[in-house]
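First up is the structure itself, then whatever we jot down about it.
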Amino acid sequence: MTHPPINSPQEVAGNTTTERPPLEVIHAELAVRRVLAFKLGTTTRSALNEAASSLRELIIAFAVEIFAVEADMSFADRSFRLEAIHLVDNPPCPTALSHEVYAYVRAQAHVLRKLIVMMQQPTEHSHMSVATRPPLPVRPRPTHKAATAERAEPCAVPSGLAPSLPKADAHE
């Protein structure tokens, strides 16, 4: 998926009718892209901790502005607000493993990306629910087919024990 350059002229991005997004939106989108480009094996723990704290501040700032009027929010908006608050209020503990912090930072990035989309919505349509907005990206789980369980040959066991599946006779 390609994105238009966020800091290029509007003509380059193909957007000549609307104005540029505010600077804080550009900063937040760049932070989200940077965090989603992290790789688990090559990102240091200090970089993950730094990203977690900066994304936390951005989520708080965007959520305060977006969810300022509680009376106008739909049920879906309230539910998303609770999810964002829960994510902000429950960071991983300092002794958490790196992959837990990595997953937390990615979850923060997805929440911030959805907040960015909500902020860029026109103000006259601010009463639109989260259900009408683009959903957070969800990666599908790989499916395990039953055919992969059946193997042509039984596995060799290094302990010297006989394999659990008997070999088929050559006469059949």
Side-chain angles (χ1 to χ4, degrees), residues 1-8 10 13-15 17-144:
M1 181 161 92
T2 60
H3 298 286
I6 197 144
N7 54 359
S8 67
Q10 293 174 356
N15 188 6
T17 59
T18 60
E19 59 187 47
R20 287 184 66 116
L23 191 57
E24 64 268 4
V25 172
I26 293 171
H27 172 68
E29 181 62 33
L30 290 175
V32 166
R33 289 181 185 184
R34 181 178 57 88
V35 166
L36 292 178
F38 283 169
K39 301 292 182 203
L40 181 59
T42 58
T43 307
T44 63
R45 178 63 183 262
S46 61
L48 289 172
N49 290 339
E50 179 183 321
S53 66
S54 68
L55 289 180
R56 182 179 187 273
E57 293 171 5
L58 289 169
I59 289 171
I60 290 171
F62 277 67
V64 164
E65 187 173 336
I66 292 170
F67 302 125
V69 182
E70 189 171 338
D72 293 341
M73 289 195 313
S74 68
F75 177 75
D77 286 338
R78 288 183 184 158
S79 176
F80 178 67
R81 185 188 73 176
L82 289 176
E83 290 176 25
I85 290 171
H86 178 75
L87 187 68
V88 167
D89 289 344
N90 296 306
C93 64
T95 59
L97 299 174
S98 292
H99 71 275
E100 294 171 354
V101 179
Y102 175 78
Y104 175 76
V105 168
R106 288 185 63 85
Q108 279 184 317
H110 289 297
V111 166
L112 183 56
R113 182 169 273 173
K114 188 160 186 175
L115 287 171
I116 290 168
V117 169
M118 292 172 72
M119 182 169 242
Q120 291 178 337
Q121 298 259 327
T123 55
E124 63 269 6
H125 300 295
S126 62
H127 64 278
M128 289 176 29
S129 69
V130 172
T132 60
R133 296 186 184 111
L136 289 175
V138 178
R139 299 174 75 188
R141 291 185 174 191
T143 57
H144 298 287

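Here the structure is a predicted model, which is why all the values come from computation and not from measurement. All residue numbers refer to positions in the sequence shown, counting from 1.
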Could you tell me the separation between the CG atom of L115 and the CE atom of M118, rounded to the nearest 0.5 Å?
6.0 Å
To the nearest 0.5 Å, what is the distance between OG on S79 and CD on E83?
4.5 Å
Between A51 and F38 the two heavy atoms that sit nearest each other are CB-CE1, 3.8 Å
What is the distance from atom CD of E100 to atom CG of L48, rounded to the nearest 0.5 Å?
12.0 Å
Compare all side-chain heavy atoms of Q108 with those of V35 and state whether any distance is below 4.5 angstrom.
no
When rounded to the nearest 0.5 Å, the distance separating CZ of R45 from OH of Y102 is 14.5 Å
Between Y104 and L87, is there a donor-acceptor pair closer than 3.5 Å when you use the side chain of the first and the backbone of the second?
yes
Counting heavy atoms not belonging to E24, are there more than 12 under 6.0 Å from its CD?
yes
Could you check whether any side-chain N or O of T43 sits under 3.5 Å from a backbone N or O of L40, counting only pairs where one atom can act as donor and the other as acceptor?
no
Would you give the length of the straight line joining atom NE2 of H110 to atom CG of L55, rounded to the nearest 0.5 angstrom?
11.0 Å
Rounded to the nearest 0.5 Å, how far apart are CG of L58 and CD of E29?
11.5 Å
